[in-house]
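Please read the structure below before turning to the comments.
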Amino acid sequence: MSIKHWPEQDRPREKLIHHGAGALSDSELLAIFLRTGSHGLSAVEMARQLLQHFGGLRALLSASREEFCQGFGLGDAKYTQLQAVLEMSKRHLQEQLMREAVFSSAEQVRSYLSSQLRHVQREIFAVLFLDSQHRLIRYQELFLGTIDAAAVYPREVVKAALQHNAAAVIIAHNHPSGVAEPSQADISITSRIKSALELIDVRLLDHFVVGDGLPVSLAERGLV
């Protein structure tokens, strides 16, 4: 049955209008993006099959152009639209962080870091450089690693902090496995970077580990 014949309260668009985007499932959100189905499938049914095929929304959003366009009637038009939506989301969150103090918008920091790092299939170590009012100066990905490791050098963090005239920094990295639990190596490098930054009077405010759920804050665990 076509979605237009569904009860109004069950249609994804009407559901979003009346209850907000947070009330929709992954397949309903994806169906709004797809707009139409194909091969006798409604947009919601097609969205469900896509999520099942890729193994979830995270894998779908991080799929390469070739993987995305392989089937289900998807092509370059949908792929470019999706990439544009993802990039607009990142830039929107970045603009908010540049206007507001990070300490007053911890959830925005988490959202921003998730948008940047959650769907990446290799490990990335990134830094948020902040001014004296803890507003974002720049987000920079300093180190790119393999799928399970990144070589991190505290002196490079110090060098970049001086270059951006930062008063404070927040560091972050992703776990491509999706499990955001900090490792002993994560705790160790946090301590080393904190000590290095103290030599130039720059504060390390936090270290976030990004996985499938909410990014884990080492500061909240008393590890910074």
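- When the side chains of ILVMFWY residues are joined at heavy-atom separations under 4.5 Å, either directly or via intervening members, Val224 and Ile200 end up in a single hydrophobic cluster.
- Interatomic distance, Leu60 CG to Leu82 CG, rounded to the nearest 0.5 Å: 6.5 Å.
- In this structure, Arg138 contributes its side chain and Leu130 its backbone to no donor-acceptor pair below 3.5 Å.
- Atom CG of Asn174 sits about 5.0 Å away from atom CG of Leu117, to the nearest 0.5 Å.
- For the atom pair CZ (Phe208) and CD1 (Ile170), the distance works out to 5.5 Å, reported to the nearest 0.5 Å.
- In plain terms, the two heavy atoms of Gly211 and Ala180 that are nearest each other are N-CB, 3.7 Å.
- No donor-acceptor distance shorter than 3.5 angstrom exists from the side chain of Ser89 to the backbone of Val85, with no hydrogens or angles considered.
- Residue Leu142 comes nearest to Val127 through the heavy atom pair CD1-CG2, 3.6 Å, listed as atom of the first residue, atom of the second, then distance.
- To the nearest 0.5 Å, atoms CG (Asp131) and NE2 (His164) are separated by 13.0 Å.
- The distance from atom OH of Tyr79 to atom OG of Ser64, rounded to the nearest 0.5 Å, is 6.5 Å.
- Contact of the Leu74 side chain with the Phe68 side chain is registered, since non-hydrogen atoms from C-beta on lie closer than 4.5 Å.
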For ring pair (Phe, Tyr, Trp, His ring centres under 6.0 Å), just list the numbers for Tyr139 and Phe129, CA-CA rounded to whole Å, side-chain angles, deciding distance to a tenth of an Å, and then say yes or no. CA-CA 6 Å; Tyr139 166 86; Phe129 296 100; 9.3 Å; no

Show your reasoning for whether side-chain contact (heavy atoms from CB on, under 4.5 Å) applies to Leu57 and Leu29. CA-CA 10 Å; Leu57 194 58; Leu29 288 170; 5.7 Å; no

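- Counting heavy atoms from C-beta on, the side chains of Val44 and Pro12 come closer than 4.5 Å.
- Side chains of Leu162 and Val202 form no contact here, defined as non-hydrogen atoms less than 4.5 Å apart.
- No side-chain heavy atom of Val169 sits less than 4.5 Å from a side-chain heavy atom of Arg203.
- Under the salt bridge (Lys or Arg N to Asp or Glu O under 4.0 Å) rule, Glu28 has a single partner from Arg13, Lys15, Arg11, which is Lys15.
- Remark: the backbone N or O of Ala23 is not paired with any side-chain donor or acceptor of His19 at under 3.5 angstrom.
- In this pair, His207 and Phe125 present their aromatic rings perpendicular. The plane angle is above 60°, beyond the 30 to 60° band.
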Hey, mind stepping through Arg65 and Asp76 against salt bridge (Lys or Arg N to Asp or Glu O under 4.0 Å) and telling me if it holds? CA-CA 8 Å; Arg65 172 174 168 265; Asp76 284 342; 2.8 Å; yes

Just do the side-chain contact (heavy atoms from CB on, under 4.5 Å) check on Val210 and His173 with the steps written out, would you? CA-CA 6 Å; Val210 180; His173 77 283; over 6 Å; no

Evaluate side-chain contact (heavy atoms from CB on, under 4.5 Å) for His134 paired with Leu205, printing each intermediate quantity in order. CA-CA 10 Å; His134 296 162; Leu205 301 181; 4.0 Å; yes

Extract all donor-acceptor atom pairs below 3.5 Å that involve side chains of residues 153-161 and protein atoms in other chains or at least two apart in sequence.
none

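- Side chains of Leu50 and Leu34 form a contact here, defined as non-hydrogen atoms less than 4.5 Å apart.
- The local environment of CD in Glu66 is crowded, with over 12 non-hydrogen atoms from other residues, nucleotides or ligands closer than 6.0 Å.
- The structure places CG of Leu204 at 6.0 Å from CG of Leu197, a figure rounded to the nearest 0.5 Å.
- Asp206 and Ala219 make their closest contact through OD1-N, 3.0 Å (heavy atoms, listed as atom of the first residue, atom of the second, distance).
- The backbone N or O of Ser188 sits nowhere less than 3.5 Å from a side-chain atom of Ser191 that would complete a donor-acceptor pair.
- Pairs engaging residues 173-193 under the salt bridge (Lys or Arg N to Asp or Glu O under 4.0 Å) rule: Glu181-Arg221 [sequence neighbours left out].
- Remark: side-chain polar atoms of Glu220 are not paired, donor with acceptor, to backbone N or O of Ser217 under 3.5 angstrom.
- Side-chain contact between His119 and Ser114 is absent, with no heavy atoms from C-beta onward closer than 4.5 Å.
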